[in-house]
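See below for the structure under consideration.
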Amino acid sequence: DQQVKQNSPSLSVQEGRISILNCDYTNSMFDYFLWYKKYPAEGPTFLISISSIKDKNEDGRFTVFLNKSAKHLSLHIVPSQPGDSAVYFCAASAASGTYKYIFGTGTRLKVLA
Amino acid sequence: DVKVTQSSRYLVKRTGEKVFLECVQDMDHENMFWYRQDPGLGLRLIYFSYDVKMKEKGDIPEGYSVSREKKERFSLILESASTNQTSMYLCATFTLGTAYGYTFGSGTRLTVV
């Protein structure tokens, strides 16, 4: 049973527009969430995180929103750039201070120039 | 910054071969992980180790084993490679108490023919 789902396997967005990547989870005990970006032939790199005590975290062009009641988080990239084209994974943990994370299936973002 | 190094970027092996994937980290971290990434399935945990000679099965350990004789090195072993083990393999460490969690290696793209 997939506890963390990214229902859109791919997304295409024009350069300069907003990219919105979604992640849904089923376990209400999840309290810390991470987003990673992965280029082909490279390992994933950390992008942004959010704790369940917040509903928003922002870092430059990247903002993550958390809706606990809906068990939904989203990553917004504004403005999107061609270099943002990558696969994005969300990951969730049910215990802060632990390394036990569940990863989503990933969304491939393509930003069109 | 933690550096995680995977010895091979690309490997091609024959069915039935015993395959060793090596991973080295340079920051004395206790926790090390092996994941595989497949399209549509995301990152799936194969094994992890929380100390030298200590290991735990992840979600998909079948057909794999691991070795952790030294803290900095974590090896993934495919006892008898099969075509369904063709995948991208990612090694990682995890830093507790930080926002970013995992540090991944660059990955090994393994093809079993």
Side-chain angles (χ1 to χ4, degrees), chain A residues 1-10 21-25 30-54 57-60 62 64 66 86-108, chain B residues 1-11 21 23-25 29-51 54 56-60 74 87-111:
Chain A
D1 183 29
Q2 191 76 27
Q3 294 188 65
V4 180
K5 298 179 184 178
Q6 295 175 256
N7 291 318
S8 298
S10 63
L21 293 86
N22 294 305
C23 180
D24 296 294
Y25 60 96
F30 286 150
D31 63 356
Y32 202 81
F33 304 88
L34 306 171
W35 282 93
Y36 288 85
K37 178 169 75 173
K38 185 183 182 301
Y39 294 118
E42 293 184 17
T45 54
F46 172 76
L47 194 55
I48 195 168
S49 64
I50 190 165
S51 163
S52 61
I53 62 173
K54 292 186 172 184
N57 188 25
E58 192 170 353
D59 183 0
F62 302 90
V64 56
L66 175 62
V87 178
Y88 291 79
F89 294 98
C90 63
S93 172
S96 59
T98 184
Y99 47 77
K100 293 184 185 293
Y101 278 81
I102 306 292
F103 281 85
T105 51
T107 295
R108 181 178 301 278
Chain B
D1 284 350
V2 178
K3 190 169 181 183
V4 179
T5 303
Q6 294 182 234
S7 54
S8 303
R9 297 295 297 270
Y10 300 93
L11 278 177
L21 303 184
C23 176
V24 176
Q25 52 103 354
H29 282 195
E30 283 82 17
N31 304 312
M32 296 187 75
F33 304 79
W34 275 106
Y35 285 88
R36 62 178 282 177
Q37 182 208 351
D38 301 287
L41 297 176
L43 299 179
R44 294 181 292 166
L45 181 63
I46 305 170
Y47 267 97
F48 67 98
S49 168
Y50 49 90
D51 205 345
M54 307 301 284
E56 277 194 35
K57 294 180 180 179
D59 300 318
I60 51 164
F74 190 35
S87 186
M88 167 69 87
Y89 289 88
L90 295 161
C91 177
T93 66
F94 191 94
T95 307
L96 288 169
T98 68
Y100 60 84
Y102 294 94
T103 301
F104 286 91
S106 299
T108 297
R109 169 71 66 184
L110 173 67
T111 302

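Just so we're on the same page: letters track the sequence lines, and every chain starts at 1.
- When all heavy atoms of B:L41 and A:T105 are compared, the pair lying nearest together is C-CG2, 4.0 Å.
- Interface remark: A:A91 contributes no atoms to any contact with chain B (heavy atom separation under 4.5 Å).
- Residue B:L43 touches chain A through both its backbone and its side chain, counting heavy-atom pairs closer than 4.5 Å.
- A:Y36 places a side-chain N or O within 3.5 Å of a backbone atom of B:Y102 that can act as its donor or acceptor partner.
- Note that CG of B:L45 is 14.0 Å distant from OH of A:Y101, once rounded to the nearest 0.5 Å.
- For B:Q37, the part lying near chain A is the side chain, with the backbone staying farther off; criterion is any non-hydrogen pair under 4.5 Å.
- No part of A:P9 comes within reach of chain B, as not one of its non-hydrogen atoms sits under 4.5 angstrom from that chain.
- When each of A:W35, A:F89, A:Y39 is checked for heavy-atom pairs under 4.5 Å with chain B, A:F89 comes out on top.
- Between chain B and the options A:G43, A:G104, A:S51, the largest number of non-hydrogen pairs under 4.5 Å is found for A:G43.
- Note that the CZ atom of B:F104 and the NZ atom of A:K38 stand 10.0 Å from one another [nearest 0.5 Å].
- Other residues, nucleotides and ligands place no more than 12 heavy atoms under 6.0 Å from the CZ atom of A:R108.
- Of the two parts of B:R9, only the side chain, counted from C-beta on, holds a non-hydrogen atom closer than 4.5 Å to a non-hydrogen atom of chain A.
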